[in-house]
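Take a look at the structure below.
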Amino acid sequence: MQGWRYETTDAGNEVAGYFDPARRVERLAAAHPEAVAAFRTVLLFCDRPRKRAELAAFIEKEKLLSTLRVVLPAGSTLRPSVFMDKLESAGMLAWNDGWSITEAGEAVSAAGVIEGTKAAA
């Protein structure tokens, strides 16, 4: 009986590695080292589904926006959704009846990939 065999090329392995959650969050931390503690705070807050307004209010209350340095077009203001977007793009948060930390986010946090993201035991 003949079968099929698939093999991933080196280029395919490189692309797969690019999307590895640990590497995605490492890139996020490298791009915004000033906001690592704020990202951790948001991840820990999202231990259960949080509605957008609830998470936005938390980000504003904790003054987390001031930790993120980004270049904005003239007349623009930084909004809490920037945190949601960056963490979602890194695979750390997902919308599931509210913003929640993903399994990948939990694994990365537990492993301390972002320095200090290990939750207290």
Side-chain angles (χ1 to χ4, degrees):
M1 177 174 182
Q2 280 188 294
W4 291 92
R5 180 180 151 193
Y6 294 93
E7 187 173 320
T8 307
T9 64
D10 290 341
N13 285 328
E14 188 175 327
V15 169
Y18 181 82
F19 290 100
D20 175 68
R23 287 187 58 197
R24 289 166 69 182
V25 78
E26 286 170 351
R27 285 192 304 274
L28 176 62
H32 298 285
E34 74 284 357
V36 168
F39 290 139
R40 180 188 68 245
T41 299
V42 170
L43 287 175
L44 295 176
F45 181 70
C46 292
D47 60 342
R48 62 182 172 86
R50 304 288 185 162
K51 297 297 181 192
R52 185 195 172 289
E54 180 184 13
L55 180 52
F58 175 78
I59 290 169
E60 289 179 356
K61 180 181 137 252
E62 296 296 316
K63 298 182 179 17
L64 300 179
L65 288 174
S66 64
T67 66
L68 191 59
R69 293 188 196 109
V70 295
V71 177
L72 297 171
S76 297
T77 57
L78 192 58
R79 302 196 186 281
S81 59
V82 170
F83 273 89
M84 299 169 211
D85 178 61
K86 290 192 177 302
L87 289 169
E88 180 184 31
S89 294
M92 303 297 105
L93 281 184
W95 181 265
N96 187 16
D97 267 344
W99 288 108
S100 300
I101 190 170
T102 62
E103 286 182 21
E106 289 174 350
V108 164
S109 293
V113 173
I114 291 183
E115 183 179 321
T117 56
K118 288 187 179 181

Exercise. Examine distances only and state if a side-chain atom of Thr102 and a backbone atom of Gly91 form a donor-acceptor pair shorter than 3.5 Å.
Key: yes

Quiz prompt | Side chains of Arg52 and Ser81 in contact at under 4.5 Å (non-hydrogen atoms) | solution = yes

Practice problem: Taking all heavy atoms of Arg48 and all of Glu54, pick out the closest pair and write down the distance. | Solution: NH2-OE2, 4.0 Å

Practice problem: Count the heavy atoms belonging to other residues, nucleotides or ligands that lie under 6.0 Å from CD of Glu34, then report whether that count exceeds 12. | Solution: yes

Quiz prompt | From CE (Met92) to CG (Leu28), nearest 0.5 Å | solution = 8.5 Å

Practice problem: Using a cut-off of 6.0 Å, state whether more than 12 heavy atoms not belonging to Arg27 lie near its atom CZ. | Solution: yes

Practice problem: Look at atom CD of Glu103 and say whether more than 12 heavy atoms of other residues, nucleotides or ligands are closer to it than 6.0 Å. | Solution: no

Quiz prompt | Cation-aromatic face contact Arg50/Phe45, 6.0 Å, 45 degrees | solution = yes

Practice problem: Using side-chain contact (heavy atoms from CB on, under 4.5 Å) as the criterion, point out the one residue from Leu44, Leu87, Leu43 that pairs with Ile101. | Solution: Leu43

Quiz item: Can you name the closest pair of heavy atoms from Arg24 and Glu88 and give their distance?
Solution: NH2-O, 4.0 Å

Quiz prompt | Rounded distance [0.5 Å steps], CZ in Phe83 versus OG1 in Thr41 | solution = 8.5 Å

Quiz prompt | Interatomic spacing from NZ in Lys51 to CG in Asp97 - rounded to 0.5 Å | solution = 5.0 Å

Practice problem: Please examine the side chains of Cys46 and Leu55, heavy atoms only from C-beta on, and report whether any two atoms are closer than 4.5 Å. | Solution: yes

Quiz item: Looking only at heavy atoms, which two atoms of Pro49 and Gly98 are closest? And how far apart?
Solution: CB-CA, 4.0 Å

Quiz item: Does Asp20 have any salt bridge (Lys or Arg N to Asp or Glu O under 4.0 Å) partners at least two apart in sequence or in another chain, and if so, which?
Solution: none

Exercise. Look only at the side chain of Ser89 and the backbone of Lys86, and say whether a donor-acceptor pair between them is shorter than 3.5 Å.
Key: no

Quiz item: Under a 4.5 Å cut-off applied to non-hydrogen side-chain atoms, are Leu64 and Phe58 in contact?
Solution: yes

Practice problem: Decide if atom CG of Asn13 counts as having more than 12 heavy atoms of other residues, nucleotides or ligands within a radius under 6.0 Å. | Solution: yes

Self-check item: Side chain to side chain, Met84 and Trp95, heavy atoms closer than 4.5 Å
Solution: no

Self-check item: Residue pair Leu68 / Leu78: nearest heavy atoms and the distance that separates them
Solution: O-CD2, 3.9 Å

